[in-house]
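We count residues from 1, following the sequence as given.
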Amino acid sequence: MLKDTFNREHDYLRISLTDKCNLRCSYCNPVDLPKGYFAHSDKMTAEEIDTIAGIFVQLGIKKIRLTGGEPLVRKDAKKIIRLLSKYPVELTITTNGVFADEFIQDFKQAGIRSVNVSLDSLDKEKNKAISGRDEFDRIFQNINLLLKNNFQVKINTVVMRNVNDDEIPRFVAWTKLEKVHVRFIEFMPFSGNAWSKEKVFSYDEMLKLISLNHNFIKLPDERYDTTKKYAIPGHKGTFAIISTMSHPFCSGCNRLRLTTDGKMKNCLFSKTETDILGALRKGYDIVPLIKQCVWEKEEMQGGQFISRYEQLDSSKINNRSMINIGG
Ligand code: SAM
C-alpha cells in the first residue's frame with residue numbers, strides 16, 4: 001500500500017494519455033496558451049503505460065482514471081483501454097464527450113461502467129464561447145447515448161462567476177429528468193488560465209443559489225470523496241460540489257497522477273515531479289521512486305496554497321497548465 005507521512009493510503013491513479021485536446025476551454029487549454037506539445041518520443045507508449053500501470057496495481061492501486069488532454073483523441077486510445085482492462089481495478093475515464101460514440105463498445109468490453117463528461121453550459125452558444133469549439137450538439141447526443149447504454153454519467157461543470165454561474169439552476173433542473181450526476185467544480189488556478197479569486201463561485205454560494213428553488217438532502221460521503229453529494233427528492237439524478245478552493249479535501253486524498261510524458265505527481269498542485277518514464281527507459285526499478293514520491297506528498301495542495309484562496313497570488317504558483325497535467 002502506498003502511504004505518505006500523513007498516513008494517507010493511495011489507491012487511485014489518474015493517467016494522462018495525451019496533452020492534446022480538440023477543445024480550447026478557457027480555464028484549461030486557452031487559445032493563447034503556448035502549445036509546445038510533448039514530442040511523440042517523450043510520451044509514454046501504450047506498452048509503457050501498461051507496464052507502469054501494472055506496477056502501480058502491484059503497489060495497491062484499485063482505481064485508474066484515463067484523462068488528458070482529451071484521452072479519446074489519442075490514436076491508440078482503444079488499445080490502451082484494452083490493455084488496462086486486464087487489471088483488477090475500477091477503470092474509468094474523463095472525456096469531453098465529443099468522440100464518446102466511437103468508444104461505446106470499447107468501454108463496455110473493458111468493463112468501464114462510469115464515464116465523466118465535461119460540460120460547462122447547457123446553452124449551445126455559451127458552450128461554444130467557453131470551449132472555443134461548436135461541439136455542444138455532439139456532446140449532448142453522446143451523453144444521451146451513454147445513458148441509453150446504462151453507463152453512470154457524471155457531468156463535470158467548472159463554475160466561473162459571471163461566465164456560467166447563472167446556469168447552475170438549469171443543470172440542477174436537468175437532474176430531475178435524467179439520471180445524470182452533475183458535479184459543480186470550483187475554478188482552480190493553473191498556469192496560463194487567468195484565474196482570479198473574483199471568478200471563483202464558491203461552494204457556499206452554489207448551495208445558497210440551489211436552495212432558492214430546491215430542498216436537498218446531503219448524501220453520505222465515501223471514504224475518499226472529493227465531492228459533497230446531494231439529492232433532491234423526485235429527481236432521477238444528483239448534484240455534487242467539488243470545493244477545492246473554498247473547502248479543500250486534502251486530508252482524505254488517495255490520488256496520484258501520471259502525466260503523458262511519464263512524470264508522477266503526488267498532488268494536482270505539486271511543484272515537484274518524479275520521472276518514472278525516464279527511469280523505466282533506463283531499466284531502473286521504478287518501485288522505490290513511486291514510494292518516495294508518495295512519501296514526499298505535502299499535507300495540503302502541494303504546499304502551494306498556504307492561505308485561503310482569497311489571499312492567493314496565482315502568479316506565484318509553480319505548476320503546469322491543467323492540460324499538461326491531466327485533470
Ligand atoms: N478532456 C477531458 C475533459 O474535458 O473532461 C479530460 C481532461 S480535463 C483537464 C479534466 C477535468 O478537469 C475536466 O472536467 C475539466 O473541467 C477540469 N478542469 C480543467 N481545468 C480546470 C480548472 N481550472 N478548474 C477546475 N477544473 C478544471
Side-chain angles (χ1 to χ4, degrees), residues 21-33 67-68 70 94-98 100 115-144 153-178 180-190 192-214 216 226-230 232 235 237-247 268 309-310 312 314 321-323 327:
C21 188
N22 51 319
L23 302 186
R24 293 287 177 275
C25 301
S26 57
Y27 52 82
C28 180
N29 185 24
V31 180
D32 50 1
L33 189 74
T67 179
E70 170 49 41
T94 300
T95 170
N96 59 40
V98 175
V115 180
N116 288 13
V117 181
S118 301
L119 185 68
D120 301 313
S121 173
L122 286 167
D123 177 88
K124 187 173 155 74
E125 286 310 310
K126 193 184 276 193
N127 200 69
K128 184 174 164 189
I130 297 173
S131 70
R133 297 287 183 270
D134 191 6
E135 296 286 8
F136 177 81
D137 290 339
R138 195 155 172 199
I139 296 168
F140 206 74
Q141 277 164 19
N142 281 344
I143 290 170
N144 285 329
V153 180
K154 296 181 187 168
I155 305 294
N156 286 354
T157 304
V158 179
V159 183
M160 293 164 287
R161 189 183 308 282
N162 298 333
V163 176
N164 62 345
D165 55 311
D166 58 333
E167 293 224 22
I168 291 176
R170 206 170 160 188
F171 273 103
V172 172
W174 189 27
T175 68
K176 179 163 189 178
L177 308 170
E178 291 290 353
V180 284
H181 304 282
V182 179
R183 297 130 51 90
F184 300 113
I185 309 175
E186 289 180 347
F187 181 31
M188 297 183 261
F190 294 99
N193 78 349
W195 180 90
S196 73
K197 63 175 189 291
E198 289 79 15
K199 290 189 201 153
V200 176
F201 196 78
S202 71
Y203 166 72
D204 292 337
E205 291 175 292
M206 294 189 209
L207 276 191
K208 196 170 161 198
L209 179 60
I210 297 167
S211 70
L212 294 178
N213 292 311
H214 301 282
F216 44 79
T226 54
T227 55
K228 296 170 183 70
K229 296 191 289 266
Y230 298 87
I232 300 174
H235 284 222
T238 61
F239 76 91
I241 300 177
I242 302 183
S243 60
T244 316
M245 303 311 297
S246 68
H247 296 78
L268 185 54
Y309 80 89
E310 293 89 336
L312 193 66
S314 61
S321 61
M322 180 61 131
I323 186 112

**Prompt:** Roughly how far, to the nearest 0.5 Å, is CG of Asn96 from CG of Leu23?
**Reply:** 4.0 Å
**Request:** Considering non-hydrogen atoms only, spot the tightest contact between Val98 and Arg138 and give its length.
**Result:** O-NE, 3.0 Å
**Fill in**
Minimal heavy-atom distance between Leu122 and Glu167, with the atoms involved, is N-OE1, 2.8 Å
**Message:** Could you go through Asn164 and Val159, starting from their C-alpha distance and side-chain angles, then the distance that decides it, and tell me whether this counts as side chain to side chain contact (heavy atoms under 4.5 Å, CB included)?
**Reply:** CA-CA 6 Å; Asn164 62 345; Val159 183; 4.1 Å; yes
**Asked** So do Tyr309 and Trp195 actually touch side chain to side chain, heavy atoms under 4.5 Å?
**Response** yes
**Asked** Is a side-chain donor or acceptor of Thr227 paired with a backbone partner of Lys229 at a separation under 3.5 angstrom?
**Response** no
**Closest non-hydrogen atom pair between Asn142 and Gly97, with its separation** = ND2-O, 2.7 Å
**Prompt:** Crowded around Lys126 NZ? As in, over 12 foreign heavy atoms under 6.0 Å?
**Reply:** yes
**Prompt:** Should Tyr27 and Val163 count as side-chain neighbours, where that means a heavy-atom distance under 4.5 Å?
**Reply:** no
**Message:** Any heavy-atom pair between the side chains of Asp165 and Met206 that's under 4.5 Å?
**Reply:** no
**Prompt:** Between Lys199 and Asn162, is a side chain to side chain contact (heavy atoms under 4.5 Å, CB included) present by the stated rule, with each step listed?
**Reply:** CA-CA 7 Å; Lys199 290 189 201 153; Asn162 298 333; over 6 Å; no
**Message:** As an exercise, state the distance from CG of Asn127 to CD of Glu135, rounded to the nearest 0.5 Å.
**Reply:** 9.5 Å
**Item:** side chain to side chain contact (heavy atoms under 4.5 Å, CB included) assessment of Asp123 paired with Phe136
**Value:** CA-CA 8 Å; Asp123 177 88; Phe136 177 81; over 6 Å; no
**Asked** Quick one: CG on Asn213 to CD1 on Ile168, what's the gap to the nearest 0.5 Å?
**Response** 12.0 Å
**Fill in**
Looking only at heavy atoms, the pair that brings Arg161 and Val200 closest together is NH2-O, 2.8 Å
**Request:** Evaluate the side-chain proximity of Phe239 to Ile232: yes if any heavy-atom separation is below 4.5 Å, no if none is.
**Result:** yes
**Trace of the side chain to side chain contact (heavy atoms under 4.5 Å, CB included) decision for Met322 with Asn193** = CA-CA 9 Å; Met322 180 61 131; Asn193 78 349; over 6 Å; no
**Request:** Looking only at non-hydrogen atoms, find the nearest pair between Ser246 and Glu186 and report the distance.
**Result:** OG-OE2, 2.6 Å
**Asked** Is there a side-chain contact between Asn144 and Glu178, using heavy atoms and a 4.5 Å cut-off?
**Response** yes
**Asked** Heavy atoms, side chains only, cut-off 4.5 Å: are Lys197 and Leu312 in contact?
**Response** no
**Message:** With rounding to the nearest 0.5 angstrom, report the CZ to OG1 distance, Arg170 to Thr157.
**Reply:** 12.0 Å
**Asked** Roughly how far, to the nearest 0.5 Å, is the CD1 atom of Ile241 from the CD1 atom of Ile210?
**Response** 5.0 Å
**Message:** For a 4.5 angstrom cut-off between non-hydrogen side-chain atoms, does Thr95 reach Glu70?
**Reply:** yes
**Asked** Is Pro169 close to Leu209 at the side-chain level, that is, under 4.5 Å between some pair of heavy atoms?
**Response** yes
**Item:** Geometric class of the Tyr203/Tyr230 ring pair [parallel <30°, tilted 30-60°, perpendicular >60°]
**Value:** tilted
**Asked** What do you reckon, is NZ of Lys176 surrounded by more than 12 foreign heavy atoms closer than 6.0 Å?
**Response** no
**Item:** Spacing of Met245 atom CE and Ile242 atom CD1 [to the nearest 0.5 Å]
**Value:** 13.5 Å
**Asked** Looking at Cys21 and Ile323, what are the two nearest heavy atoms and their distance?
**Response** CB-CD1, 3.4 Å
